[in-house]
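Structure first, commentary second.
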Amino acid sequence: TCQVHFESSNWKSLSIKRLTDSRLHGSTGLRSGSQANFFPPLEDAMLPSGSFNNRMALITGGGTGLGRAMTATLSQLGAQCIIASRKLDVLQRTAEEISSQTGNKVHAVQCDVRDPQAVSQCVDQIEALTGLPDVIINNAAGNFVCPSERLSPNAWKTITDIVLNGTAFVTLELGKRLIQNQKGASFLAITTIYAESGSGFVVPSASAKAGVEALYKSLAAEWGRYGHRFNIIQPGPIRTKGAFSRLDPTGAFEKAMIDRIPTGRLGTPAEIANLAAYVSSNYASWMSGAVIRFDGGEYVSLAGEFNELRSVTPDQWKLLEAMIRKTKGS
Ligand SMILES: CCCCCCCCC/C=C/C=C/C(=O)SCCNC(=O)CCNC(=O)[C@H](O)C(C)(C)COP(=O)(O)OP(=O)(O)OC[C@H]1O[C@@H](n2cnc3c(N)ncnc32)[C@H](O)[C@@H]1OP(=O)(O)O
Ligand SMILES: NC(=O)C1=CN([C@@H]2O[C@H](COP(=O)(O)OP(=O)(O)OC[C@H]3O[C@@H](n4cnc5c(N)ncnc54)[C@H](OP(=O)(O)O)[C@@H]3O)[C@@H](O)[C@H]2O)C=CC1
């Protein structure tokens with residue numbers, strides 16, 4: 001494992017070899033704080049089996065990472081899934097693997113969500129394969145860390161096109177057809193905790209994810225009358241090759257990141273898949289317009305000005321308390 005801490009990092013010593021580590025394919029972080037023992041991740045599907053029988057689910061970016069985990073859980077719970085993204089070979093491999101494990105058909109449909117015409121053709125294909133879906137999970141995204149002064153116009157456009165325009169194209173195309181067919185549906189968007197706070201070094205992603213949240217909250221208000229629910233999950237860090245290879249390519253930031261998570265570990269794909277399944281299920285039929293932060297406590301840990309006091313020892317507290325109590329007046 002990498003011993004490098006960012007504060008003391010000698011950049012020359014960072015080895016990109018780490019990117020090929022098998023850790024990238026595992027579900028939990030190797031490093032974790034001792035408190036992580038209190039918060040073991042459960043990997044089994046949480047909902048009763050058959051919860052998604054006779055239901056069709058579209059998951060964009062369902063061939064890899066978190067989208068793949070969500071597809072596996074929905075399929076296990078009885079859904080017929082359609083996964084859509086650019087790389088048909090990746091989608092087909094995932095679809096076959098999941099179908100053979102669950103016995104439920106997973107369809108692979110090629111689609112670049114940046115292209116509204118491709119999205120419309122993708123929805124034509126879906127209608128022909130399964131009919132319009134009951135569950136839509138907008139999970140596809142693009143991202144990389146980059147100082148904003150180094151971003152080209154096309155870099156900005158690429159990320160905002162995938163994340164904001166892509167989500168809008170998929171949502172509007174399906175929404176219009178569902179409305180025409182008088183069919184209800186659950187829409188879920190996967191954003192991130194920094195959609196709320198903003199974040200340097202991922203500015204196109206932060207801007208686009210904030211836009212996705214505005215889109216989903218707005219449609220929750222407008223399209224309830226058509227039987228449509230809209231919800232948002234903001235994940236904290238969950239190791240996937242797609243995210244970690246673009247956001248922490250050397251692994252130098254991982255320890256600091258885990259240290260600031262109160263539950264002492266990364267999330268796992270299976271955990272977010274369970275939450276996404278619940279939000280998309282009929283058990284959550286009264287949930288709409290919700291923004292669910294799912295991050296082991298990282299957001300509040302980053303936000304509180306005094307949270308660094310966690311490192312003060314009991315002896316140091318005795319000293320501090322004595323000093324504070326001794327103070328008289330202002
Ligand atoms: C501090 C430690 C953090 C550790 C992790 C913590 C995680 C917690 C929060 C996480 C949030 C995660 C959010 C996510 O969204 S993760 C999802 C990541 N997955 C992906 O990005 C998958 C898809 N990505 C891609 O396909 C590519 O990466 C892409 C670049 C987004 C798109 O590919 P493509 O269309 O082929 O585009 P290109 O032609 O390659 O590039 C387009 C323009 O962008 C410029 N560019 C590309 N890469 C970079 C870079 N690294 N830096 C600067 N600019 C870049 C490229 O040069 C093009 O511009 P042009 O040259 O002007 O034409
Ligand atoms: N992992 C994490 O820690 C976190 C992830 N997230 C979010 O979770 C979601 C999943 O990310 P994760 O699984 O980690 O990363 P991945 O890179 O594995 O997933 C991104 C998916 O998006 C698809 N995609 C990218 N561009 C397009 C496009 N133009 N059209 C269609 N599909 C596209 C990719 O497939 P293909 O290349 O075949 O097109 C890929 O399957 C994203 O929304 C991300 O922002 C949020 C916070 C934390």
Side-chain angles (χ1 to χ4, degrees), residues 6 24-25 27 29 58-71 83-94 108-115 118-119 122 137-167 169-170 188-195 197 199-206 208-209 212 232-261 266-269 271-273 276 293-296 298-299 302:
F6 178 57
L24 282 173
H25 306 290
S27 59
L58 167 67
I59 302 98
T60 66
T64 64
L66 305 186
R68 180 190 164 112
M70 293 176 214
T71 306
I83 52 178
S85 73
R86 295 166 301 175
K87 299 191 187 101
L88 189 59
D89 55 331
V90 174
L91 293 170
Q92 282 170 338
R93 220 173 21 248
T94 298
V109 177
Q110 188 167 32
C111 180
D112 186 331
V113 296
R114 292 173 283 195
D115 175 356
V119 170
C122 166
I137 303 185
N138 270 292
N139 162 79
N143 200 2
F144 47 75
V145 282
C146 181
S148 299
E149 65 274 21
R150 291 174 66 92
L151 288 170
S152 69
N154 191 37
W156 173 272
K157 186 171 170 356
T158 299
I159 301 304
T160 54
D161 267 354
I162 301 172
V163 175
L164 177 55
N165 291 338
T167 302
F169 295 151
V170 170
L188 171 64
I190 308 301
T191 63
T192 167
I193 55 173
Y194 61 68
S197 58
S199 176
F201 304 98
V202 283
V203 173
S205 168
K209 293 284 195 186
V212 168
I232 295 156
I233 296 178
Q234 302 174 324
I238 301 174
R239 180 177 291 113
T240 64
K241 183 178 176 185
F244 276 47
S245 62
R246 292 177 174 92
L247 301 178
D248 187 18
T250 65
F253 297 97
E254 186 173 322
K255 183 179 183 305
M257 190 172 59
I258 292 174
D259 284 349
R260 70 184 178 225
I261 299 177
L266 302 178
T268 71
E271 287 179 294
I272 194 167
R293 193 186 295 141
F294 193 60
D295 70 342
E298 187 187 24
Y299 188 89
L302 283 167

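First listed ligand is number 1; within each ligand, the first listed atom is number 1.
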**Q.** Polar proximity ligand 2 side, Gly62 side, N/O cut 3.5 Å exclusive
**A.** no
Q. Looking only at N/O atoms, are Pro235 and ligand 2 under 3.5 Å apart anywhere?
A. no
(Q) Only heavy atoms of Pro237, strictly under 4.0 Å: list the atoms of ligand 2 that pass. (A) 3 (O)
**Q.** atom 59 (O) of ligand 1: the protein heavy-atom neighbour that sits closest, reported with distance to 0.1 Å
**A.** Ser152 OG, 3.3 Å
Q: Would you mind running through ligand 2 and noting each atom that sits below 4.0 Å from a heavy atom of Cys111?
A: 30 (N), 31 (C)
Q | Per-atom contacts of ligand 2 with Ile162, taking only distances under 4.0 Å to non-hydrogen atoms | A | 26 (N), 27 (C), 29 (N)
Q. Taking both backbone and side-chain atoms of Ile238, is any N or O found less than 3.5 Å from an N or O belonging to ligand 2?
A. yes
Q | Part of Thr158 within contact of ligand 1 (heavy atoms, under 4.0 Å) | A | side chain
**Q.** For Arg114, the ligand 2 atoms whose distance to one of its heavy atoms is below 4.0 Å
**A.** 29 (N)
Q: Check for a donor-acceptor pair, side chain of Thr60 on one end and backbone N or O of Ala140 on the other, with a separation under 3.5 Å.
A: yes
(Q) Regarding ligand 2, does Ala140 bring an N or O atom to under 3.5 Å of one of the ligand's N or O atoms? (A) no
**Q.** Interfacing atoms of ligand 2 (cut-off 4.0 Å, heavy-atom, Gly65)
**A.** 13 (O), 18 (O)
Q. With backbone taken as N, CA, C and O and side chain as the heavy atoms from C-beta onward, which portion of Glu254 lies under 4.0 Å from ligand 1: side chain, backbone, both, or neither?
A. neither
